[in-house]
S.K.: 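Would you mind keeping the following structure in view while I ask a few things?
For this chain, numbers begin at 1 and follow the sequence in order. These numbers come from the heavy atoms of this one structure, side chains and all, not from hydrogens, waters or symmetry mates.
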Amino acid sequence: MMDAHIVGWGHTRFGKLGDLDLEALIREAAVDAMVNAGVTGDDIDGVWLGNFNSGLVPDGFCSSMILHADPGLRFKPAIRCENACASGSAAIYSALDAINSGRCRIALVVGAEKMTALDTAGVTSALGGASYQAEEQGMSFPQIFARFAQAYDAAYGDPAEALAHIAVKNHDNAMRNPLAHMHKPVDFDFCMTVSERNPMIAAPLKLSDCSLISDGAAALVIAHRSVLDRFSRAVGFRAAEMVSDYLPLSAKRLEHFEGPSRAIQQAYKTAGITVDDLDLAEVHDCFTIAELLSVEALGLAEPGQGTAVVREGQTTRQGRLPINLSGGLKAKGHPVGATGVSMHVMVARQLLGETGDMQLDEAPELGLCLNLGGGAVNSAVSILEPVKA
């Protein structure tokens, strides 16, 4: 196990939060996390912010916005980390390095994104900056992940039914999450059918296959094991692995999540476990095809067999491995820089039995986070366990 432990967290509601700008989101999550951990700015040795931006807001230099959360944070080192949709995990892993090296005893990590200040076309253009401009300029991310779905269909057959089941499951899970953007169930027939309310966005992906444009922030206080006696509870990292794959879609086999699979297998090896030891997972379902490919990357099914696992309900609350109990990006929301931090908050809360209606009936012992950047380019995998409750 690493020396670094999660000892507190904060999490804003996700959604269209017109009354909160980026700075307000950052401040709210940071204050909540420090109060939750029982620390002040004076206790913090360093600050990391995960934020993609890419033109979503004018604030290109925002790392020091966290300092306004507490006067004790002034003059502490503050760094912004950007890794597309894995910016939050980049911030976490940077803080882990500082703590595990002994340079930092207590770190504050915030992931935040303000997305709804632009219209849909503006957001689509901004997010497109996370693709390979030499070949993919002008492609939207629904079009990019449609390529994954098309490749899967060509290799293994139509995944449409499995994708619909994933959407239904995640919307159902979000109904239990008061912080989720979307509290609205959808049924299987709706998700299977192209309609005025569920248009085709990028064939074969319909609106029901796409994550939400959301504002939001999440935060963690991470502490070195040498100071754990100061805290009432702690969640440890059994593993934290990150890999980066080629940026161009043309350089990869899109019917497989090669980068995520590599990161997951490295995390299993580091933690000394297999998929059968996991009790829950939060995975990066920016589009339903991403969750399907993640099911296979996790080792729940051989390549091409994940559709059966999903149809059989193995990833539901009552299934073999519950996935995205929070509602996932699909229904909880996907404020890009906040996503990786939010996953860690949700899994940590589950491991300590603090998720209310979302809580699993049996106390979980191991949870996994899979956060992706771009078209499965950057893959960050954490395996968490309760250490002190």
Side-chain angles (χ1 to χ4, degrees), residues 8-35 39-41 44-98 104 106-119 122-130 181 213-222 329 333-345 371 373-374 378 380:
W9 51 75
H11 201 297
T12 72
R13 184 170 59 87
F14 282 5
K16 187 172 183 178
L17 309 179
D19 55 334
L20 296 175
D21 61 12
L22 178 64
E23 184 172 4
L25 290 166
I26 291 170
R27 186 182 304 180
E28 180 177 328
V31 169
D32 286 351
M34 287 189 288
V35 170
V39 299
T40 68
I44 304 296
D45 298 316
V47 175
W48 284 263
L49 172 68
N51 176 252
F52 176 53
N53 197 342
S54 189
L56 290 167
V57 296
D59 303 289
F61 183 34
C62 50
S63 55
S64 287
M65 286 180 174
I66 306 174
L67 306 187
H68 296 286
D70 187 294
L73 292 173
R74 190 181 185 194
F75 303 125
K76 301 296 175 68
I79 299 169
R80 174 192 168 214
C81 300
E82 185 280 308
N83 233 13
C85 301
S87 294
S89 289
I92 291 171
Y93 287 15
S94 297
L96 293 183
D97 287 343
C104 179
I106 301 177
L108 175 62
V109 177
V110 180
E113 209 74 59
K114 178 69 179 181
M115 302 182 73
T116 66
L118 297 182
D119 59 16
V123 173
T124 299
S125 176
L127 294 180
H181 184 157
I213 295 172
S214 310
D215 305 326
L220 297 170
V221 175
I222 304 176
L329 288 61
H334 183 28
V336 177
T339 291
V341 183
S342 172
M343 289 176 171
H344 286 74
V345 172
N371 184 199
N378 183 257

S.K.: Within the structure provided, determine whether M343 and V341 are in side-chain contact (heavy-atom separation under 4.5 Å).
M.R.: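 M343 vs V341: side chains apart.
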
S.K.: Which heavy-atom pair separates A91 from V109 by the least distance, and what is that distance?
M.R.: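 Where A91 meets V109 most closely, the heavy atoms are CB-CG1, 3.8 Å.
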
S.K.: Return the minimal non-hydrogen interatomic distance between H344 and S89, and the atom names on each side.
M.R.: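 Heavy atoms only, the tightest pair is CE1-OG, 4.1 Å.
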
S.K.: Rounded at 0.5 Å granularity, tell me how far CD1 in I92 sits from CG in D97.
M.R.: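 Reported to 0.5 Å precision, the distance equals 12.0 Å.
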
S.K.: Any idea which heavy atoms bring N83 and A90 closest together, and the distance?
M.R.: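 Reported closest heavy-atom pair: CB-CB, 4.0 Å.
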
S.K.: Quick one: does any side-chain atom of N51 pair with a main-chain N or O of G337 as donor and acceptor, under 3.5 Å?
M.R.: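 Flag not set: sc N51 to bb G337 has no pair under 3.5 Å.
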
S.K.: Could you give the distance from CG (N371) to OH (Y93), rounded to the nearest 0.5 Å?
M.R.: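 Between N371 CG and Y93 OH, I get 8.0 Å after rounding to 0.5 Å.
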
S.K.: Does any part of the side chain of L127, heavy atoms only, come nearer than 4.5 Å to the side chain of M115, both counted from C-beta?
M.R.: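 Result yes, sub-4.5 Å side-chain heavy-atom pair found.
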
S.K.: Taking ring pair (Phe, Tyr, Trp, His ring centres under 6.0 Å) as the test, write out the residues that go with F52, two or more places apart.
M.R.: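 With sequence neighbours excluded, F52 shows a ring pair (Phe, Tyr, Trp, His ring centres under 6.0 Å) to no residue whatsoever.
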
S.K.: Side-chain contact test, heavy atoms from C-beta onward, threshold under 4.5 Å: evaluate it for C81 versus S87 and give yes or no.
M.R.: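 With C-beta onward as the side chain, the pair stays apart.
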
S.K.: Mark yes or no for whether E113, through its side chain, and A338, through its backbone, hold a donor-acceptor pair below 3.5 Å.
M.R.: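 No, because the side chain of E113 does not come within donor-acceptor range (under 3.5 Å) of the backbone of A338.
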
S.K.: Determine yes or no for a side-chain-to-main-chain donor-acceptor pair under 3.5 angstrom, with D215 supplying the side chain and K16 the backbone.
M.R.: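 Not a single qualifying donor-acceptor pair exists.
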
S.K.: Taking all non-hydrogen atoms of both residues, which atom of L329 and which atom of T339 are closest, and how far apart?
M.R.: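 Looking at all heavy atoms of both residues, the shortest contact is CD1-CG2, 3.8 Å.
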
S.K.: Side-chain contact, heavy-atom cut-off 4.5 Å: L49 with C62?
M.R.: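 Result yes, sub-4.5 Å side-chain heavy-atom pair found.
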
S.K.: Could you pull out the closest heavy-atom pair between A30 and V110, with the gap in Å?
M.R.: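 Closest approach of A30 to V110, heavy atoms only: CB-CG2, 3.9 Å.
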
S.K.: Are any non-hydrogen side-chain atoms of T12 and L20 less than 4.5 angstrom apart?
M.R.: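 Result no, sub-4.5 Å side-chain heavy-atom pair not found.
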
S.K.: Rounded at 0.5 Å granularity, tell me how far NE2 in H11 sits from CD in E28.
M.R.: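 Answer rounded to 0.5 Å: 11.0 Å.
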
S.K.: Is there a donor-acceptor contact under 3.5 Å from the side chain of K114 to the main chain of L17?
M.R.: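 Yes: the side chain of K114 pairs with the backbone of L17.
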
S.K.: Which pairs with one or both residues in residues 54-80 pass side chain to side chain donor-acceptor pair (under 3.5 Å), sequence neighbours excluded?
M.R.: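 Of all non-adjacent pairs touching residues 54-80, none passes side chain to side chain donor-acceptor pair (under 3.5 Å).
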
S.K.: Without swapping roles, check the side chain of D45 against the backbone of A107 for a donor-acceptor pair under 3.5 Å.
M.R.: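 Pair absent, no side-chain N/O of D45 close to backbone of A107.
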
S.K.: Which pair of heavy atoms, one from F75 and one from L67, lies closest together, and at what distance?
M.R.: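 That closest heavy-atom pairing would be N-CD1, 4.4 Å.
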
S.K.: Quick one: list whatever passes ring pair (Phe, Tyr, Trp, His ring centres under 6.0 Å) with H334, sequence neighbours left out.
M.R.: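 Result, ring pair (Phe, Tyr, Trp, His ring centres under 6.0 Å) vs H334: H284.
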
S.K.: Kindly compute the distance separating OG1 (T124) from CD1 (I213), expressed to the nearest 0.5 Å.
M.R.: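 Here the rounded value is 5.5 Å.
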
S.K.: So, do N53 and E82 sit near enough that their side-chain heavy atoms are less than 4.5 Å apart?
M.R.: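 Of all side-chain heavy-atom pairs linking E82 with N53, none is under 4.5 Å.
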
